[in-house]
Amino acid sequence: MKYLSIKSVLFYLVFFLILYFEDLSIGGLRLAQIWKLPFYFYAIHFVLKKTDHTNKKVMMLFFIGIFMSLKIIFNAYFNYGFLENIAESFYFLTLPISTAFFYYKYKRQPGQLHYLLITLSFFLVISNIPFVLNLLPQKNNTFSLERFGLIDKFALNGLFYHTSITSKILVVAILILLTTYKDKIANKFEKRLILSTIIFGMYSLYLCYTRTGWFLLLTGIIILFVYKENVSKLFFKVLPLFFIVGFVLISYVQSNEVLQLRLRGGTTYRQNNEIDASIFTSYRLVLYEHALNNLYEEGFATILLGSGKKKATEDMGEIMG
């Protein structure tokens with residue numbers, strides 16, 4: 001079983017420990033910086049040196065990513081919050097650099113990239129087992145569910161810094177595993193293992209209590225099962241299945257007051273029965289409005305270059321508390 005081979009299990013263990021102790025400082029540097037920064041520099045060097053520049057879309061994403069990350073550093077308040085802006089810059093770089101690096105690294109070995117994606121997705125789901133079973137404490141900021149009536153209960157963070165991040169990572173991992181499960185897998189044990197992992201991943205996503213994650217997974221599943229399907233299969237197999245699953249989900253939500261509160265953005269002390277837009281969006285619309293007003297009040301230079309993370313956060317803090 002390739003996903004439970006000695007090599008794979010060793011990778012799971014090492015990667016779990018690295019992510020779990022990311023905030024550990026060694027000589028003034030966090031472990032996260034020690035292992036991520038070398039990858040960033042190596043990946044940039046690899047793409048610039050090895051690429052044949054044949055895929056213009058990948059290279060455009062790569063260079064736009066570098067340009068935008070530099071823009072985060074060189075803002076209207078360049079000297080204010082410089083280290084925070086560098087950290088934000090590298091955070092932004094992750095997607096464009098990774099996309100270009102893995103595209104060119106495995107351009108002639110798509111099978112290996114496919115295996116790597118499945119293995120990583122498998123790990124990202126099963127890494128939540130110690131936290132779901134309360135075998136390990138969650139190290140990062142936890143989201144209390146007391147406001148929804150669940151005393152001494154917390155949303156699932158897993159290895160990451162926020163339930164929102166964990167939920168989005170789980171969505172991508174589940175969809176990749178679902179795609180794999182839809183393929184013809186000869187090994188029955190492997191097929192059952194992947195199905196079990198998908199089910200556990202969905203349960204873990206449920207424990208994150210993030211509406212965005214639930215919505216993204218539902219959207220992804222619909223696209224996955226509807227895209228390029230012929231009409232007869234869609235009508236006789238897919239749609240009936242969706243109706244059955246939809247009926248079960250609606251029945252479960254109707255019987256679960258905690259879920260109802262979360263879905264409409266309410267709490268035990270503020271039901272939000274009339275669906276106030278600000279409450280439903282967790283005040284994101286209010287934040288967007290204040291952010292635009294802050295830029296406008298700062299003037300043209302800030303509108304063009306931005307104010308940097310620290311300045312923007314402090315300005316918002318003065319308004320929102």
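Each residue takes its place number in the sequence, starting with 1. Since this is a predicted model, take the numbers as computed values, not measurements.
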Connected hydrophobic set around L305, excluding itself, where side chains approach under 4.5 Å: F300, L304
May I have the list of side-chain donor-acceptor pairs in residues 171-178 shorter than 3.5 Å, sequence neighbours left out?
none

Listed partners of F41 passing side chain to side chain contact (heavy atoms under 4.5 Å, CB included), at least two apart: L37, F90
By side chain to side chain contact (heavy atoms under 4.5 Å, CB included) - contacts of I126 (at least two apart): Y12, F122, I129, T197
Joint hydrophobic cluster, I199 plus V132, side-chain heavy atoms closer than 4.5 Å: yes
Salt bridge (charged side-chain N to carboxylate O under 4.0 Å, His left out) pairs, two or more places apart, involving residues 157-170: none
Residue list, salt bridge (charged side-chain N to carboxylate O under 4.0 Å, His left out) with K105, at least two apart or on another chain: none
Sub-4.5 Å side-chain heavy-atom contact between P130 and F16: yes
Parallel, tilted or perpendicular: rings of Y206 and Y209 (30°, 60°): tilted
side-chain hydrogen bond (donor to acceptor under 3.5 Å, both in side chains) pairs, two or more places apart, involving residues 88-100: Y40-T94, E88-K309
Separation between CD1 of I319 and CD of E289, rounded to the nearest 0.5 Å: 9.5 Å
Partner residues of Y106 under the side chain to side chain contact (heavy atoms under 4.5 Å, CB included) criterion, sequence neighbours left out: F102, Q109, Q112, L113, L116
Closest non-hydrogen atom pair between H162 and N157, with its separation: C-OD1, 3.8 Å
ILVMFWY cluster, L170 and F215 together (side-chain gap under 4.5 Å): no
Cluster link F92 to L83, ILVMFWY, side chain under 4.5 Å: no
CG-CG distance between N293 and D315, expressed to the nearest 0.5 angstrom: 11.5 Å
ILVMFWY network linking F160 to W35, side-chain heavy atoms under 4.5 angstrom: yes
Side-chain heavy atoms of Y20 within contact of L136, under 4.5 Å: yes
Beyond-backbone contact of L159 with I169, side-chain heavy atoms, under 4.5 angstrom: no
Atom pair CZ/CG of F200 and L207 - distance to nearest 0.5 Å: 8.0 Å
F11, CZ atom: more than 12 neighbouring heavy atoms under 6.0 Å: yes
Cation-pi geometry met for K310 and Y77 (6.0 Å, 45°): no
Per-pair distances, 0.1 Å, donor-acceptor, side chain in residues 57-69, under 3.5 Å, sequence neighbours excluded:
unit_1	atom_1	unit_2	atom_2	d
S69	OG	G65	O	3.3
S69	OG	I66	O	2.7

Contacts of I6 that satisfy side chain to side chain contact (heavy atoms under 4.5 Å, CB included) - sequence neighbours left out: none
Nearest-0.5 Å distance, CG of residue L24 to CG of residue L17: 11.5 Å
All pairs passing salt bridge (charged side-chain N to carboxylate O under 4.0 Å, His left out) where residues 290-303 contributes a residue, at least two apart: E298-K311
Q138 vs T166 side-chain heavy atoms within contact, under 4.5 Å: no
Summary of side-chain hydrogen bond (donor to acceptor under 3.5 Å, both in side chains) pairs that have at least one residue in residues 115-131, sequence neighbours excluded: S8-Y115
Student check: side-chain heavy atoms of W214 and L218 closer than 4.5 Å: no
Same apolar cluster (I L V M F W Y, side chains within < 4.5 Å links), I118/L195: yes
Separation between CD1 of I44 and CZ of F101, rounded to the nearest 0.5 Å: 11.5 Å
Smallest separation among heavy atoms of L156 and S204, with atom names: CD2-O, 3.5 Å
OH (Y296) with more than 12 external heavy atoms under 6.0 Å: no
Side-chain heavy atoms of T212 within contact of S167, under 4.5 Å: no
Point-to-point distance, once rounded to the nearest 0.5 Å, from OG1 of T180 to NZ of K191: 10.0 Å
Heavy-atom check, side chain of S307 versus side chain of N75, under 4.5 Å: no
Check: F15 and L120 side chains under 4.5 Å, non-hydrogen atoms: yes
